[in-house]
Amino acid sequence: MAELNVNIGDLQLKNPVMTASGTFGYGIEYADLIDITRLGGIFVKGTTIQPREGNLYPRMAETPSGMLNAVGLQNKGADYFAQHIYPEIKDIDTHMIVNVSGSSVETYIQCAEKIAELDKIPAIELNISCPNVKQGGMAFGVTCAGASEVVKAVRKVYPKTLIVKLSPNVTDITEIARAVEAEGADSVSLINTMLGMAIDAEKRKPILSTITGGLSGPCVKPVALRMVWQTYKAIKIPIIGLGGISNWKDAVEFMLAGATAIQIGTYNFVDPTVSVKVIDGLNEYCDRHGFKSVKELIGALEV
Ligand SMILES: Cc1cc2nc3c(=O)[nH]c(=O)nc-3n(C[C@H](O)[C@H](O)[C@H](O)COP(=O)(O)O)c2cc1C
(Lines give C-alpha, C1' and ligand atoms only; values in the text may rest on other atoms or scores of the structure.)
Protein backbone atom coordinates (compact mmCIF):
# COMPACT_ATOMS: atom_id res chain seq x y z
CA MET A 1 0.00 0.00 0.00
CA ALA A 2 1.41 3.38 -1.03
CA GLU A 3 1.43 6.35 1.36
CA LEU A 4 -1.40 8.62 0.28
CA ASN A 5 -0.96 11.54 2.68
CA VAL A 6 -0.10 15.01 1.30
CA ASN A 7 0.24 18.49 2.85
CA ILE A 8 -1.50 21.74 1.92
CA GLY A 9 -0.17 24.58 4.09
CA ASP A 10 -0.50 23.34 7.67
CA LEU A 11 -3.06 20.74 6.66
CA GLN A 12 -2.04 17.13 6.60
CA LEU A 13 -4.49 15.33 4.35
CA LYS A 14 -4.91 11.58 4.69
CA ASN A 15 -5.07 11.43 0.92
CA PRO A 16 -5.27 13.98 -1.93
CA VAL A 17 -8.94 13.38 -2.79
CA MET A 18 -11.45 16.03 -1.70
CA THR A 19 -14.88 17.18 -2.83
CA ALA A 20 -15.58 20.57 -4.42
CA SER A 21 -17.65 23.39 -3.01
CA GLY A 22 -21.28 23.53 -4.08
CA THR A 23 -21.38 19.93 -5.25
CA PHE A 24 -21.21 18.01 -1.98
CA GLY A 25 -23.41 20.04 0.38
CA TYR A 26 -21.94 19.93 3.88
CA GLY A 27 -20.73 16.36 3.40
CA ILE A 28 -23.32 14.88 5.74
CA GLU A 29 -25.81 14.59 2.87
CA TYR A 30 -23.52 11.91 1.40
CA ALA A 31 -22.84 10.03 4.65
CA ASP A 32 -25.36 7.28 3.87
CA LEU A 33 -23.76 6.65 0.48
CA ILE A 34 -20.05 6.61 1.26
CA ASP A 35 -17.73 6.71 4.25
CA ILE A 36 -17.03 10.44 4.10
CA THR A 37 -14.22 10.11 6.66
CA ARG A 38 -12.14 8.39 3.96
CA LEU A 39 -11.89 11.72 2.09
CA GLY A 40 -8.84 13.96 2.39
CA GLY A 41 -11.21 16.88 2.89
CA ILE A 42 -14.63 18.30 2.14
CA PHE A 43 -15.08 21.82 0.77
CA VAL A 44 -18.49 22.92 1.96
CA LYS A 45 -20.95 25.14 0.10
CA GLY A 46 -20.10 28.74 -0.72
CA THR A 47 -20.78 30.76 2.44
CA THR A 48 -21.40 34.50 2.62
CA ILE A 49 -21.73 36.77 5.63
CA GLN A 50 -25.40 37.49 4.85
CA PRO A 51 -27.96 34.86 3.78
CA ARG A 52 -28.45 34.65 0.01
CA GLU A 53 -31.50 33.37 -1.83
CA GLY A 54 -29.59 32.51 -4.98
CA ASN A 55 -30.72 33.23 -8.54
CA LEU A 56 -34.13 32.60 -10.05
CA TYR A 57 -34.87 29.28 -11.74
CA PRO A 58 -33.95 27.88 -14.21
CA ARG A 59 -30.40 27.90 -12.90
CA MET A 60 -29.04 24.64 -14.23
CA ALA A 61 -28.67 23.34 -17.78
CA GLU A 62 -27.16 20.12 -19.01
CA THR A 63 -24.49 20.42 -21.73
CA PRO A 64 -22.52 17.81 -23.66
CA SER A 65 -20.20 16.24 -21.04
CA GLY A 66 -21.03 18.81 -18.42
CA MET A 67 -23.45 21.32 -17.00
CA LEU A 68 -24.04 25.03 -16.58
CA ASN A 69 -25.08 26.43 -13.23
CA ALA A 70 -26.13 29.79 -11.94
CA VAL A 71 -27.09 28.81 -8.40
CA GLY A 72 -25.84 32.19 -7.15
CA LEU A 73 -24.32 31.12 -3.81
CA GLN A 74 -27.61 30.26 -2.14
CA ASN A 75 -26.82 29.82 1.57
CA LYS A 76 -28.14 30.85 4.96
CA GLY A 77 -25.17 33.00 5.90
CA ALA A 78 -22.12 32.59 8.13
CA ASP A 79 -24.00 33.01 11.46
CA TYR A 80 -26.43 30.27 10.57
CA PHE A 81 -23.53 28.09 9.48
CA ALA A 82 -21.73 28.68 12.79
CA GLN A 83 -24.80 28.02 14.93
CA HIS A 84 -26.56 25.20 13.10
CA ILE A 85 -24.28 23.46 10.63
CA TYR A 86 -20.89 23.63 12.31
CA PRO A 87 -22.06 21.61 15.36
CA GLU A 88 -23.24 18.87 12.97
CA ILE A 89 -19.99 18.61 11.01
CA LYS A 90 -17.23 19.63 13.42
CA ASP A 91 -16.43 16.11 14.64
CA ILE A 92 -16.31 14.44 11.24
CA ASP A 93 -12.88 12.86 10.92
CA THR A 94 -11.70 14.74 7.84
CA HIS A 95 -10.84 18.35 7.07
CA MET A 96 -13.98 20.44 6.71
CA ILE A 97 -13.05 23.53 4.72
CA VAL A 98 -15.40 26.47 4.22
CA ASN A 99 -15.65 28.15 0.84
CA VAL A 100 -15.83 31.87 1.66
CA SER A 101 -17.53 34.12 -0.86
CA GLY A 102 -18.35 37.83 -0.83
CA SER A 103 -19.58 40.81 -2.79
CA SER A 104 -17.08 43.38 -1.47
CA VAL A 105 -13.73 43.25 0.32
CA GLU A 106 -15.53 44.06 3.59
CA THR A 107 -17.95 41.14 3.30
CA TYR A 108 -15.11 38.71 2.54
CA ILE A 109 -13.29 39.97 5.65
CA GLN A 110 -16.38 39.64 7.85
CA CYS A 111 -17.08 36.13 6.64
CA ALA A 112 -13.44 35.01 7.04
CA GLU A 113 -13.34 36.44 10.58
CA LYS A 114 -16.51 34.59 11.53
CA ILE A 115 -15.23 31.27 10.17
CA ALA A 116 -11.82 31.79 11.81
CA GLU A 117 -13.57 31.57 15.20
CA LEU A 118 -14.60 27.98 14.52
CA ASP A 119 -11.86 25.77 16.01
CA LYS A 120 -12.52 22.69 13.91
CA ILE A 121 -12.44 24.49 10.57
CA PRO A 122 -8.71 24.40 9.75
CA ALA A 123 -8.81 26.32 6.47
CA ILE A 124 -10.91 28.45 4.17
CA GLU A 125 -11.08 28.44 0.42
CA LEU A 126 -11.52 31.99 -0.81
CA ASN A 127 -13.80 32.05 -3.82
CA ILE A 128 -12.53 35.09 -5.73
CA SER A 129 -14.77 34.46 -8.74
CA CYS A 130 -17.54 36.50 -7.09
CA PRO A 131 -18.56 39.81 -8.67
CA ASN A 132 -17.34 42.95 -6.89
CA VAL A 133 -20.54 44.99 -6.59
CA LYS A 134 -18.56 48.19 -5.98
CA GLN A 135 -16.64 47.75 -9.24
CA GLY A 136 -19.54 47.26 -11.64
CA GLY A 137 -19.84 43.52 -10.97
CA MET A 138 -16.52 42.45 -12.40
CA ALA A 139 -15.21 39.36 -10.58
CA PHE A 140 -12.37 40.00 -8.12
CA GLY A 141 -10.39 37.10 -9.50
CA VAL A 142 -10.12 38.27 -13.11
CA THR A 143 -7.53 40.99 -12.49
CA CYS A 144 -4.32 40.87 -10.49
CA ALA A 145 -5.35 44.05 -8.68
CA GLY A 146 -8.75 42.67 -7.66
CA ALA A 147 -7.35 39.31 -6.61
CA SER A 148 -4.50 40.90 -4.64
CA GLU A 149 -6.80 43.34 -2.87
CA VAL A 150 -9.13 40.70 -1.50
CA VAL A 151 -6.41 38.17 -0.60
CA LYS A 152 -4.33 40.82 1.17
CA ALA A 153 -7.32 41.94 3.22
CA VAL A 154 -8.38 38.41 4.19
CA ARG A 155 -4.80 37.33 4.96
CA LYS A 156 -4.64 40.04 7.64
CA VAL A 157 -7.60 38.61 9.55
CA TYR A 158 -7.30 34.89 8.79
CA PRO A 159 -4.37 33.11 10.48
CA LYS A 160 -5.12 29.52 9.45
CA THR A 161 -4.57 27.85 6.06
CA LEU A 162 -5.76 30.16 3.29
CA ILE A 163 -6.53 28.50 -0.03
CA VAL A 164 -7.45 30.86 -2.88
CA LYS A 165 -9.70 29.47 -5.60
CA LEU A 166 -8.84 30.88 -9.00
CA SER A 167 -11.16 31.76 -11.86
CA PRO A 168 -10.37 30.30 -15.28
CA ASN A 169 -12.04 33.26 -16.99
CA VAL A 170 -8.75 35.08 -17.49
CA THR A 171 -6.15 35.40 -20.20
CA ASP A 172 -3.19 34.31 -18.07
CA ILE A 173 -3.96 32.41 -14.88
CA THR A 174 -0.29 32.37 -13.86
CA GLU A 175 -0.33 36.15 -13.29
CA ILE A 176 -3.24 35.84 -10.89
CA ALA A 177 -1.65 32.85 -9.15
CA ARG A 178 1.59 34.80 -8.63
CA ALA A 179 -0.33 37.79 -7.33
CA VAL A 180 -2.20 35.79 -4.68
CA GLU A 181 0.95 33.89 -3.69
CA ALA A 182 2.66 37.25 -3.14
CA GLU A 183 -0.18 38.31 -0.81
CA GLY A 184 0.33 35.29 1.41
CA ALA A 185 -2.01 32.58 0.11
CA ASP A 186 -0.94 29.15 1.39
CA SER A 187 -2.33 27.31 -1.62
CA VAL A 188 -4.38 27.88 -4.76
CA SER A 189 -7.21 25.74 -6.04
CA LEU A 190 -8.15 25.79 -9.70
CA ILE A 191 -10.37 25.90 -11.61
CA ASN A 192 -13.72 27.41 -10.74
CA THR A 193 -16.41 27.19 -13.45
CA MET A 194 -15.90 28.64 -16.94
CA LEU A 195 -18.33 31.28 -18.15
CA GLY A 196 -20.77 29.75 -20.63
CA MET A 197 -24.27 30.06 -22.05
CA ALA A 198 -27.12 27.86 -23.27
CA ILE A 199 -29.93 28.84 -25.64
CA ASP A 200 -33.32 27.26 -26.29
CA ALA A 201 -33.65 27.52 -30.09
CA GLU A 202 -37.42 26.85 -30.15
CA LYS A 203 -38.18 29.57 -27.61
CA ARG A 204 -35.36 31.78 -28.89
CA LYS A 205 -34.45 32.45 -25.27
CA PRO A 206 -31.54 31.79 -22.96
CA ILE A 207 -32.06 28.71 -20.78
CA LEU A 208 -30.64 30.18 -17.58
CA SER A 209 -32.45 33.02 -15.81
CA THR A 210 -29.10 34.79 -15.57
CA ILE A 211 -28.40 34.22 -19.31
CA THR A 212 -24.81 33.13 -18.65
CA GLY A 213 -23.59 30.61 -16.09
CA GLY A 214 -20.67 28.46 -14.98
CA LEU A 215 -19.63 25.45 -17.03
CA SER A 216 -18.27 22.39 -15.21
CA GLY A 217 -17.85 18.66 -15.62
CA PRO A 218 -15.68 16.50 -17.90
CA CYS A 219 -15.90 19.05 -20.76
CA VAL A 220 -13.68 21.51 -18.84
CA LYS A 221 -10.99 18.99 -17.88
CA PRO A 222 -8.45 19.75 -20.64
CA VAL A 223 -8.62 23.47 -19.82
CA ALA A 224 -8.23 22.81 -16.09
CA LEU A 225 -5.33 20.46 -16.66
CA ARG A 226 -3.56 23.01 -18.85
CA MET A 227 -4.04 25.73 -16.22
CA VAL A 228 -2.73 23.51 -13.40
CA TRP A 229 0.35 22.69 -15.44
CA GLN A 230 1.02 26.35 -16.30
CA THR A 231 0.46 27.42 -12.70
CA TYR A 232 2.72 24.67 -11.33
CA LYS A 233 5.61 26.16 -13.28
CA ALA A 234 4.83 29.68 -12.03
CA ILE A 235 4.42 29.38 -8.24
CA LYS A 236 5.85 27.53 -5.23
CA ILE A 237 2.77 27.05 -3.03
CA PRO A 238 0.79 23.80 -3.42
CA ILE A 239 -1.95 23.53 -6.02
CA ILE A 240 -5.29 21.82 -5.60
CA GLY A 241 -6.48 20.79 -9.06
CA LEU A 242 -10.07 20.41 -10.11
CA GLY A 243 -12.33 20.67 -13.13
CA GLY A 244 -13.96 17.68 -14.73
CA ILE A 245 -12.38 14.92 -12.66
CA SER A 246 -14.48 11.78 -12.98
CA ASN A 247 -12.15 8.88 -12.20
CA TRP A 248 -8.75 7.96 -10.69
CA LYS A 249 -6.99 8.40 -14.01
CA ASP A 250 -8.07 12.04 -14.18
CA ALA A 251 -6.77 12.50 -10.63
CA VAL A 252 -3.39 11.02 -11.60
CA GLU A 253 -3.23 13.36 -14.61
CA PHE A 254 -3.86 16.43 -12.43
CA MET A 255 -1.14 15.35 -10.01
CA LEU A 256 1.34 14.71 -12.83
CA ALA A 257 0.55 18.23 -14.11
CA GLY A 258 1.51 19.62 -10.68
CA ALA A 259 -1.45 19.30 -8.32
CA THR A 260 -0.67 18.23 -4.75
CA ALA A 261 -4.32 17.34 -4.18
CA ILE A 262 -7.54 17.32 -6.17
CA GLN A 263 -11.25 18.00 -5.78
CA ILE A 264 -14.19 16.30 -7.44
CA GLY A 265 -17.24 18.44 -8.19
CA THR A 266 -19.91 17.83 -10.82
CA TYR A 267 -19.18 14.11 -11.08
CA ASN A 268 -20.58 13.61 -7.57
CA PHE A 269 -23.99 14.21 -9.22
CA VAL A 270 -23.36 11.41 -11.72
CA ASP A 271 -21.87 8.95 -9.23
CA PRO A 272 -22.02 9.93 -5.55
CA THR A 273 -19.45 7.23 -4.76
CA VAL A 274 -16.85 8.52 -7.25
CA SER A 275 -14.56 10.07 -4.60
CA VAL A 276 -13.86 6.82 -2.75
CA LYS A 277 -13.34 5.01 -6.06
CA VAL A 278 -10.71 7.63 -6.93
CA ILE A 279 -8.90 7.04 -3.60
CA ASP A 280 -8.79 3.29 -4.28
CA GLY A 281 -7.71 3.84 -7.89
CA LEU A 282 -4.87 6.17 -6.86
CA ASN A 283 -3.64 3.58 -4.42
CA GLU A 284 -3.69 0.82 -7.03
CA TYR A 285 -1.94 3.07 -9.57
CA CYS A 286 0.89 3.83 -7.12
CA ASP A 287 1.32 0.16 -6.27
CA ARG A 288 1.29 -0.87 -9.93
CA HIS A 289 3.97 1.71 -10.80
CA GLY A 290 6.08 1.11 -7.70
CA PHE A 291 5.52 4.54 -6.10
CA LYS A 292 5.91 4.40 -2.32
CA SER A 293 4.11 7.72 -1.90
CA VAL A 294 1.52 9.54 -3.96
CA LYS A 295 3.71 12.63 -3.51
CA GLU A 296 6.03 11.16 -6.15
CA LEU A 297 3.36 11.93 -8.74
CA ILE A 298 3.29 15.68 -8.09
CA GLY A 299 4.60 17.46 -11.17
CA ALA A 300 6.18 14.23 -12.45
CA LEU A 301 4.97 14.80 -16.02
CA GLU A 302 7.75 13.95 -18.46
CA VAL A 303 7.96 16.61 -21.17
C1 LIG B 1 -23.96 23.38 -8.72
C2 LIG B 1 -22.59 23.95 -8.48
C3 LIG B 1 -22.39 24.84 -7.42
C4 LIG B 1 -21.13 25.39 -7.18
N5 LIG B 1 -20.95 26.24 -6.13
C6 LIG B 1 -19.70 26.74 -5.86
C7 LIG B 1 -19.49 27.59 -4.74
O8 LIG B 1 -20.38 27.86 -3.94
N9 LIG B 1 -18.23 28.10 -4.57
C10 LIG B 1 -17.19 27.80 -5.42
O11 LIG B 1 -16.08 28.28 -5.22
N12 LIG B 1 -17.38 26.98 -6.47
C13 LIG B 1 -18.60 26.44 -6.71
N14 LIG B 1 -18.79 25.60 -7.78
C15 LIG B 1 -17.63 25.26 -8.64
C16 LIG B 1 -17.03 23.90 -8.27
O17 LIG B 1 -16.61 23.86 -6.92
C18 LIG B 1 -15.85 23.55 -9.20
O19 LIG B 1 -14.85 24.55 -9.10
C20 LIG B 1 -16.23 23.46 -10.68
O21 LIG B 1 -17.52 22.90 -10.82
C22 LIG B 1 -15.23 22.66 -11.51
O23 LIG B 1 -15.09 21.34 -11.02
P24 LIG B 1 -15.96 20.09 -11.61
O25 LIG B 1 -15.87 20.14 -13.09
O26 LIG B 1 -15.36 18.87 -10.98
O27 LIG B 1 -17.37 20.33 -11.12
C28 LIG B 1 -20.05 25.04 -8.03
C29 LIG B 1 -20.25 24.15 -9.10
C30 LIG B 1 -21.49 23.60 -9.32
C31 LIG B 1 -21.67 22.62 -10.46
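Basis for what follows: all heavy atoms, side chains included, without hydrogens, waters or symmetry-related copies. Read the numbers this way: they start at 1 and go in the same order the structure lists the ligands and their atoms.
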Distance from Glu125 atom CD to Ser189 atom OG, nearest 0.5 Å? 3.5 Å
Looking only at non-hydrogen atoms, the one of Ala70, Gly213, Ser21, Ala20 nearest atom 14 (N) of ligand 1 is Ser21
Would you indicate whether Gln12, at its atom CD, is surrounded by more than 12 heavy atoms from other residues, nucleotides or ligands within a distance under 6.0 Å? no
Might you confirm whether atom NZ of Lys152 has over 12 heavy atoms from other residues, nucleotides or ligands at distances under 6.0 Å? no
Give the ring-plane orientation class for Tyr285 versus Trp248, where under 30° counts as parallel, over 60° as perpendicular and anything between as tilted. tilted
Determine whether the side chains of Asn268 and Thr266 contain a donor N or O and an acceptor N or O closer than 3.5 Å. no
Side-chain donor-acceptor pair present, Asn5, Asn15, cut-off under 3.5 Å: no
Which residue and atom name correspond to the protein heavy atom nearest [atom], and how close is it?
atom                    : answer
atom 11 (O) of ligand 1 : Asn99 ND2, 2.9 Å
atom 20 (C) of ligand 1 : Thr193 CG2, 3.8 Å
atom 21 (O) of ligand 1 : Ser216 CB, 3.2 Å
atom 5 (N) of ligand 1  : Gly22 CA, 3.4 Å

Any atoms of ligand 1 less than 4.0 Å from a non-hydrogen atom of [X]? List them with their elements.
X      : value
Gly244 : 24 (P), 25 (O), 26 (O)
Leu242 : 18 (C), 19 (O), 23 (O)
Gly46  : 8 (O)

Taking side chain as C-beta onward, heavy atoms only, is Ile191 less than 4.5 Å from Val220? yes
What do we get for [X] next to ligand 1 when only non-hydrogen atoms under 4.0 Å count, side chain, backbone, both or neither?
X      : result
Asn127 : side chain
Lys165 : side chain
Asn69  : side chain
Ile191 : backbone

Qualifying residue, where the test is side-chain contact (heavy atoms from CB on, under 4.5 Å) with Ile239 and the options are Thr260, Leu166, Leu190, Ile163: Leu190
